[in-house]
Each structure stands twice: as C-alpha cells, then as structure tokens.
Amino acid sequence: MEIKIEHQPRQQRLNELGVFKWDIWKKEVSKFPWTYDSQETCYFLEGDVLVTPDGGLPVQMGKGDLVAFPAGMSCTWEITSNVKKYYYFD
C-alpha cells in the first residue's frame with residue numbers, strides 16, 4: 001500500500017475533483033496512530049506532516065499537496081506545523 005502525492009496540482013485538477021466542496025479538517029501539532037477504513041483523498045491548505053505507514057518509510061507532505069491514502073493502511077501521523085486540509089473519503 002502506498003501513499004500517492006501530487007505536489008502543487010493545477011487549479012483545474014482540483015476543480016475537477018471538487019476539492020473546494022469537501023469538508024475541512026484542522027489539527028494542531030501532535031502525533032497519533034491512524035487506520036484508513038476507506039480511501040481518503042485530501043488537499044493541504046496549511047501545515048507539514050510526516051506520515052509513517054506501519055512497517056514502511058516516512059512520507060513528508062504538506063501545504064499544496066494533493067494526497068491519497070489507501071483503504072486498510074495503518075500509520076502514524078506526526079504533525080510538525082498546524083494542518084488545515086480539505087478531505088474526502090471514498
């Protein structure tokens with residue numbers, strides 16, 4: 001299972017996905033475990049995060065990134081600067 005990241009996607013791509021109609025999630029600097037029951041796609045408006053899949057390598061992401069997390073993945077989120085993101089679960 002891998003995390004897919006698009007850095008600085010075009011505005012047109014974000015509009016096609018309907019990103020700006022998705023819900024917003026905010027979280028302060030913190031570290032916590034998470035498991036994805038379904039695929040999540042999100043677009044970071046603010047922040048920096050290091051997501052480490054269980055048994056995998058850490059993946060850096062943050063402001064301006066469009067990210068897809070696969071269903072069934074367990075990981076640890078380490079937020080290093082406050083996050084604000086649009087998100088959608090399939």
Side-chain angles (χ1 to χ4, degrees):
M1 284 185 229
E2 79 176 271
I3 299 168
K4 296 187 177 88
I5 301 180
E6 285 180 53
H7 299 288
Q8 310 299 325
R10 293 173 178 265
Q11 192 70 34
Q12 181 182 348
R13 169 108 169 100
L14 298 175
N15 291 341
E16 284 167 5
L17 289 170
V19 166
F20 305 108
K21 296 184 183 95
W22 299 351
D23 290 332
I24 286 183
W25 184 79
K26 295 179 187 177
K27 184 79 173 161
E28 67 285 349
V29 171
S30 55
K31 186 173 182 175
F32 55 91
W34 189 256
T35 298
Y36 290 90
D37 295 327
S38 53
Q39 176 174 292
E40 179 190 353
T41 304
C42 64
Y43 177 67
F44 286 88
L45 296 169
E46 298 171 8
D48 286 295
V49 184
L50 199 60
V51 176
T52 307
D54 290 1
L57 298 172
V59 180
Q60 181 75 45
M61 62 196 70
K63 184 177 179 176
D65 289 338
L66 180 67
V67 184
F69 299 98
M73 184 183 80
S74 292
C75 58
T76 299
W77 270 63
E78 185 172 357
I79 299 174
T80 53
S81 71
N82 293 0
V83 163
K84 182 178 179 184
K85 67 174 184 167
Y86 284 104
Y87 72 96
Y88 175 78
F89 285 99
D90 290 348

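Numbers here are sequence positions counted from 1.
When all heavy atoms are compared, the tightest approach of P70 to M1 is CG-CB, 3.8 Å. Across all non-hydrogen atoms, the minimal contact from D90 to S38 is O-CB, 3.4 Å. In plain terms, the two heavy atoms of S30 and E28 that are nearest each other are OG-O, 3.0 Å. Among all heavy-atom pairs drawn from D65 and Q8, the shortest one is OD1-N, 4.2 Å. Across all their heavy atoms, Y36 and F89 have their closest contact at CD2-CE2, 4.2 Å.
Looking at K26 and K84, their side chains come closer than 4.5 Å, going by heavy atoms from C-beta outward. Looking at heavy atoms from C-beta onward, L66 lies in side-chain contact with R13 at the 4.5 angstrom threshold. Between F69 and V51 there is a side-chain heavy-atom pair separated by less than 4.5 Å.
Atom OG1 of T76 and atom CZ of F32 lie 9.5 Å apart (nearest 0.5 Å). Note: L50 CG to C75 SG = 10.5 Å, rounded to the nearest 0.5 Å. For the atom pair E78 CD and T52 OG1, the distance stands at 7.5 Å (nearest 0.5 Å). Note that the CZ atom of F20 and the CG atom of L14 stand 4.5 Å from one another [nearest 0.5 Å]. To the nearest 0.5 angstrom, I5 atom CD1 is 6.5 Å from I3 atom CD1. To the nearest 0.5 Å, atom CG of residue D23 and atom OH of residue Y86 are 10.5 Å apart.
Taken together through direct or relayed side-chain contacts under 4.5 Å among Ile, Leu, Val, Met, Phe, Trp and Tyr, I79 and Y87 form part of one hydrophobic cluster. Residues L45 and W77 fall into different hydrophobic clusters, defined by Ile, Leu, Val, Met, Phe, Trp and Tyr side chains chained together at heavy-atom separations under 4.5 Å. Under a hydrophobic clustering in which Ile, Leu, Val, Met, Phe, Trp and Tyr are joined whenever their side-chain heavy atoms come within less than 4.5 Å, directly or via other members, Y88 and V19 fall into the same cluster.
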Check: When you look at V83 and V49, which way does the side chain to side chain contact (heavy atoms under 4.5 Å, CB included) test go after all the steps?
Finding: CA-CA 8 Å; V83 163; V49 184; 3.3 Å; yes

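Looking at K85 and E40, a side-chain N of the basic residue comes within less than 4.0 Å of a carboxylate O on the acidic one, giving a salt bridge.
Taking the ring centroids of W25 and F44, they lie at or beyond the 6.0 Å cut-off.
Put simply, the side chain of S81 gets close to the backbone of D48: a donor and an acceptor are under 3.5 Å apart.
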